[in-house]
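As the structure lists them, so they are numbered: ligands from 1, and atoms in each ligand from 1. If you're wondering where the values come from, they're calculated on a predicted model, not measured in any experiment. Residues: numbered from 1 along the sequence shown.
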Amino acid sequence: MKYFNLKTENNFNSAILYAANVIKIGGVVAFPTETVYGLGADVLNEEAVKKIFAAKGRQADNPLIVHIADKNDIFKLAKNIPDWVIGLTDKYWPGPLSIVLEKQDFIPSAVTAGLESVAIRMPDNIVASELIKKSGCFIAAPSANKSGRPSPTKAQHVMADFKDEIDVVLDYDNSAIGLESTVIDGRGNYPIILRPGAVTIEMLIETCGYAESAYNKSLDIKKPLSPGMKYTHYKPKAEVLIVYGETSLMAEKINDLYKKNKNIALFSSDKLAEKTKVQKVITYQGINEAANLFYDALRLFDEQNIEIIICEEFDYKDIGEAIMNRLKKAAGEKYL
Ligand code: AMP
Ligand code: MG
């Protein structure tokens, strides 16, 4: 694996050219995006795409998102695109919105896991877009973590999960958002949210007039709309428990647990952290910072061999909906 730090070394363009060439010749490159780090390969190269699945240990029925650097490439990759989808791409691309559409025939089934649809996104990150442009390819990329591990929001996380199974890591900025993109089904008359993210249902309703969520329902059904949703994602090694309610009552519960087990950690607001005796604490100012720190916190606590990570519940609004979706999976829906 070749590592480039694009921030500290004077090699921004040459590193991207190197990585773009690796994509062209069928290699696998980890690169920053504003959501999380991605692990990319040339969409048209099935062998390269298979390397992503092998490196991640990803199930073959879990499709990849195709990343583009020019909005108009949506027409090359998809057919029968509704007008409202173009309204959304005008407003939210580049950005954290992936859109599932009917795929054009040339897209290999290795990318779409045999589905007739393809998820497309235009990331909002200079390194990601330069890599796509310089490679001259569409880049298929899931998150650059081993399947089942928290998604990577820094290059360091990618390095912790992979060694020589991948060819290049481009280290640039930490992911500005820190949670994976919103995924919507764009094949009907309005957006159906398959995975919540930074583009919220309120934002979709504002642009399209109407939108629905399908991710809660599809946890139970045998054939989920988005195959990725049936897998237990985002699991740290520690047990994760969610705590909610009035601050002093939450603090009381946490302190009771701390009396029995000192090897616990807390991811919470300052207000709650101040009232507890827990020593290993990561706090945030507001919901956006919480989204940004969430996966990093899970990884840091795992490195410290913490047994139980307690996370304070978030309001189900703005990006809180997306954090709760990940947090509930990490916790297996368990509450303190
Ligand atoms: P990741 O990039 O690791 O966040 O995974 C991509 C997510 O997008 C997974 O949850 C996939 O199930 C979903 N996805 C990708 N392509 C499609 C598709 N064609 N239809 C439905 N969901 C998709
Ligand atoms: Mg992922």
(message) Minimum distance, heavy atoms only, to atom 7 (C) of ligand 1: which one of Arg121, Arg195, Glu102 is it?
(response) Arg195

(message) Suppose I only count heavy atoms of Ile65 and a 4.0 Å limit; which atoms of ligand 1 are within that range?
(response) 6 (C), 8 (O)

(message) Restricting to side-chain hydrogen bond (donor to acceptor under 3.5 Å, both in side chains), what partner residues turn up for Asp173, sequence neighbours left out?
(response) Asn125

(request) Decide whether Ile242 and Ile308 are clustered together by the hydrophobic rule: side chain heavy atoms of Ile, Leu, Val, Met, Phe, Trp, Tyr closer than 4.5 Å, transitively. (result) no

(request) Anything under 30° is parallel, anything over 60° is perpendicular, the rest tilted; go ahead and classify His67 against Phe31. (result) perpendicular

(message) Could you check whether any heavy atom of Arg58 sits closer than 4.0 Å to an atom of ligand 1, since that is the contact criterion I want to use?
(response) yes

(request) Report the residues that fulfil side-chain hydrogen bond (donor to acceptor under 3.5 Å, both in side chains) with Asp42, sequence neighbours left out, ordered by chain and then residue number. (result) none

(message) If I apply the N/O under 3.5 Å rule, does Glu180 come out as touching ligand 1?
(response) no

(request) Scan side-chain atoms only and decide if Ser269 and Glu312 contain a donor-acceptor pair under the 3.5 Å cut-off. (result) yes

(message) Need the ligand 1 atom indices (1-based, order shown) with element for anything under 4.0 Å from a heavy-atom of Asn62.
(response) 9 (C), 11 (C), 12 (O)

(message) Please list, in number order, the atoms of ligand 1 under 4.0 Å from a heavy atom of Leu115.
(response) 18 (C), 19 (N), 20 (N)

(message) Using a 4.0 Å cutoff against the non-hydrogen atoms of Ser117, which atoms of ligand 1 qualify?
(response) 18 (C), 19 (N), 20 (N)

(message) Between Trp93 and Val85, is there shared hydrophobic-cluster membership here, with clusters defined by ILVMFWY side-chain heavy atoms closer than 4.5 Å?
(response) yes

(request) Look at the N, O or S atoms of Ser147, main chain and side chain alike, and state whether any lies under 2.8 Å from the Mg ion (ligand 2). (result) no

